[in-house]
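First listed ligand is number 1; within each ligand, the first listed atom is number 1.
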Amino acid sequence: MMSRKLLQISGFVLTSALAVRGQAAVWQQCGGTGWTGDTTCVSGSVCTPLNDFYSQCIPGEAPTSTVTSPAPTTTTRPPVATGNGKLKFTGVNIAGFDFGCNGDGSCTASAAWPPLTKYYGHDGEGQMQHFVNDDGFNTFRLPVGWQFLTGDVEGGPIVAANLAKYDDLVQACLNTGAFCIIDIHNYARWDRGIIGQGGPTNDEFAALWSAIASKYASEERIMFGVMNEPHDVPDINAWAQSVQEVVTAIREAGATTQLILLPGNNWTSAETFVSNGSAAALQKVTNPNGSTDNLIFDVHKYLDSDNSGTHPECTTNNIDRAWAPLADWLRENKRQAINTETGGGNTDSCVQFMCQQVAYQAANSDVYLGFVGWGAGNFLTNYVLSETPTNNGNGWTDSLLVEKCLAPTSGAQNGLF
Ligand SMILES: *[C@@H]1O[C@H](CO)[C@@H](O)[C@H](O)[C@H]1NC(C)=O
Ligand SMILES: *[C@@H]1O[C@H](CO)[C@@H](O)[C@H](O)[C@H]1NC(C)=O
Ligand SMILES: *[C@@H]1O[C@H](CO)[C@@H](O)[C@H](O)[C@H]1NC(C)=O
């Protein structure tokens with residue numbers, strides 16, 4: 001609503017979107033092979049090369065001069081992008097059921113901590129309602145350890161009582177009207193053993209997904225996040241075969257219309273999805289009818305110096321090295337991706353770079369379906385990447401990064417920040 005938006009931006013210094021002579025306006029071209037026009041950008045935006053042929057003024061540089069005139073009412077879309085400037089899915093990870101999981105795929109089932117007050121966790125249900133109703137989010141990713149679901153038995157069947165607890169969170173998500181991503185948070189492993197490559201068999205992995213998919217087969221707003229952050233998987237083609245068996249199992253369980261998210265190697269890095277061979281291998285995964293409909297690549301990217309998501313300061317908007325080249329590959333190959341983990345500290349540098357990343361993704365929404373921030377749920381508000389809102393009894397207060405960049409109501413998708 002207008003009043004809410006004005007209230008949000010009134011205390012915020014806005015930079016003018018109007019070009020002065022000799023400077024390109026926000027979102028306009030400012031360089032590239034053969035370019036003879038303006039090569040500097042208006043204050044508050046920075047000339048960013050997207051490829052050899054095209055540089056563009058992207059908002060967000062610390063402004064050298066500012067005006068406090070009203071917000072621009074229109075934003076020119078960048079000509080390079082063919083997206084409609086609005087991301088289909090925006091959301092937050094609601095963590096807790098994955099607590100106790102480590103990068104080597106060891107998860108202690110008893111350390112899983114449901115982010116629901118009925119299980120003595122945080123109020124994940126209230127958080128999701130707030131995120132939808134006040135911030136305009138429409139997607140939640142719900143990480144869970146494989147060990148929790150099978151009660152620590154490798155390759156074992158799902159323990160009904162444990163799935164029922166996890167389903168409480170899934171239902172709380174669905175009840176908000178949002179899309180809900182089921183995320184098995186095991187790094188392609190079970191206790192160091194890689195799925196299909198010495199660890200659990202592909203049949204065991206497919207059986208897990210078959211059981212989950214049959215439970216949610218008629219629920220259109222479920223997405224199946226096959227695996228969180230595979231890494232150091234030696235044979236990427238064998239991994240693609242593991243993913244193929246899961247896709248087949250999900251479709252054969254009757255979940256024929258939902259999105260399935262396919263994860264690559266190197267912690268699902270968006271930057272190395274193509275270069276380290278994940279794109280070529282996962283591109284071959286198909287539905288049982290041979291199509292690739294609703295098979296979406298799952299990529300992660302953090303904004304700190306080593307892409308680890310462990311530092312409070314951000315050093316990159318990831319556009320040059322990750323999002324722009326990946327967008328080219330996706331367009332060429334007629335595929336799409338979703339960014340199910342991204343985040344940064346609640347700091348000025350992260351506000352700057354994250355808002356740029358969000359604006360870029362929105363401008364390229366033909367290939368980028370959306371993002372899911374990391375993370376809320378059971379994270380404490382002093383966790384370096386916390387997106388956990390606080391409730392003082394009269395309502396919720398968001399973390400800085402959610403308020404300024406991630407929440408659809410922030411305006412960051414339109415470059416209004
Ligand atoms: C990159 O891919 C190679 C081979 O596919 C694999 O051995 C290596 O572990 C991958 N790197 C990371 C960091 O996942
Ligand atoms: C092929 O299967 C996918 C996944 O179940 C489905 O979304 C798509 O509509 C199917 N295509 C045809 C032509 O039946
Ligand atoms: C993994 O990704 C990071 C950045 O996302 C990159 O620096 C590193 O070189 C990648 N490793 C491989 C083997 O591609």
Side-chain angles (χ1 to χ4, degrees), residues 103-105 186-189 192 194-199 209-210 213-214 216-224 226-311 314-326 329 334-337 339-344 353 357 374:
D104 64 0
N186 276 67
Y187 307 89
R189 289 162 171 79
R192 289 168 292 284
I194 297 178
I195 296 166
Q197 303 183 41
W209 273 111
S210 180
S214 48
Y216 298 111
S218 62
E219 181 45 71
E220 297 292 319
R221 284 181 289 109
I222 292 283
M223 297 183 208
F224 302 104
V226 171
M227 178 54 65
N228 179 67
E229 297 188 348
H231 64 89
D232 303 291
V233 173
D235 186 339
I236 192 64
N237 292 310
W239 171 246
Q241 183 56 32
S242 304
V243 174
Q244 177 65 70
E245 293 187 28
V246 167
V247 168
T248 302
I250 289 172
R251 296 306 188 205
E252 285 180 349
T256 56
T257 61
Q258 292 89 340
L259 301 194
I260 304 180
L261 313 185
L262 315 183
N265 217 344
N266 197 9
W267 311 86
T268 337
S269 165
E271 185 175 331
T272 60
F273 183 72
V274 175
S275 64
N276 206 43
S278 297
L282 290 173
Q283 194 180 15
K284 299 187 189 123
V285 174
T286 62
N287 292 304
N289 65 12
S291 78
T292 56
D293 298 348
N294 296 327
L295 302 183
I296 306 299
F297 299 121
D298 193 353
V299 291
H300 291 181
K301 204 81 185 82
Y302 287 92
L303 290 76
D304 54 354
S305 52
D306 61 357
N307 186 40
S308 64
T310 57
H311 303 93
C314 293
T315 61
T316 175
N317 57 26
N318 293 316
I319 294 173
D320 287 0
R321 293 181 56 173
W323 301 120
L326 180 57
W329 186 91
K334 300 189 167 47
R335 299 298 294 266
Q336 293 174 313
N339 175 203
T340 62
E341 275 188 31
T342 190
F353 288 120
Q357 175 176 290
W374 184 270

Inset, instruction - Answer with yes or no whether Asn294 contacts ligand 2, where contact means a heavy atom under 4.0 Å from a ligand atom. - result: yes
Inset, instruction - Answer yes or no: does an N/O atom from Asn289 fall short of 3.5 Å to an N/O atom of ligand 2? - result: yes
Legend entry - Least distance between heavy atoms, Gln258 atom then Phe224 atom: CB-CE1, 3.7 Å
Inset, instruction - Taking all heavy atoms of Leu326 and all of Val274, pick out the closest pair and write down the distance. - result: CD1-CG2, 4.1 Å
Legend entry - Location of contacts on Thr256 toward ligand 2, heavy atoms closer than 4.0 Å: both
Legend entry - Within residues 240-252 or reaching into it, pairs that qualify as salt bridge (charged side-chain N to carboxylate O under 4.0 Å, His left out) - sequence neighbours excluded: none
Legend entry - Subset of ligand 2 atoms that lie under 4.0 Å from at least one heavy atom of Arg251: 4 (C), 5 (O)
Inset, instruction - Could you walk me through whether Ile296 and Met223 pass side-chain contact (heavy atoms from CB on, under 4.5 Å), step by step? - result: CA-CA 10 Å; Ile296 306 299; Met223 297 183 208; over 6 Å; no
Legend entry - For Ser291, the ligand 2 atoms whose distance to one of its heavy atoms is below 4.0 Å: 1 (C), 2 (O), 3 (C)
Inset, instruction - Determine whether Val299 and Ser269 make a side-chain contact, defined as any pair of heavy atoms from C-beta on separated by less than 4.5 Å. - result: no
Legend entry - Listed partners of Glu220 passing side-chain contact (heavy atoms from CB on, under 4.5 Å), at least two apart: Thr257
Legend entry - Where at least one partner belongs to residues 253-279, residue pairs that pass salt bridge (charged side-chain N to carboxylate O under 4.0 Å, His left out), sequence neighbours excluded: Glu271-Lys301, Glu271-Arg321
Legend entry - Heavy-atom side-chain contact between His300 and Asn228 under 4.5 Å: yes
Inset, instruction - Return the orientation label for the Phe297 and Phe273 ring planes: parallel under 30°, perpendicular over 60°, tilted otherwise. - result: tilted
Legend entry - Atoms in ligand 1 with a heavy atom of Pro234 nearer than 4.0 Å: 4 (C), 5 (O), 7 (O)
Legend entry - Per-residue contact class, Asp235 against ligand 1 - non-hydrogen pairs under 4.0 Å: neither
Inset, instruction - Write out the protein residues near ligand 3, meaning a non-hydrogen atom under 4.0 Å from one of its atoms, in order of chain and number. - result: Asn266, Ser269, Glu271, Thr272, Asn276, Lys301, Asn307
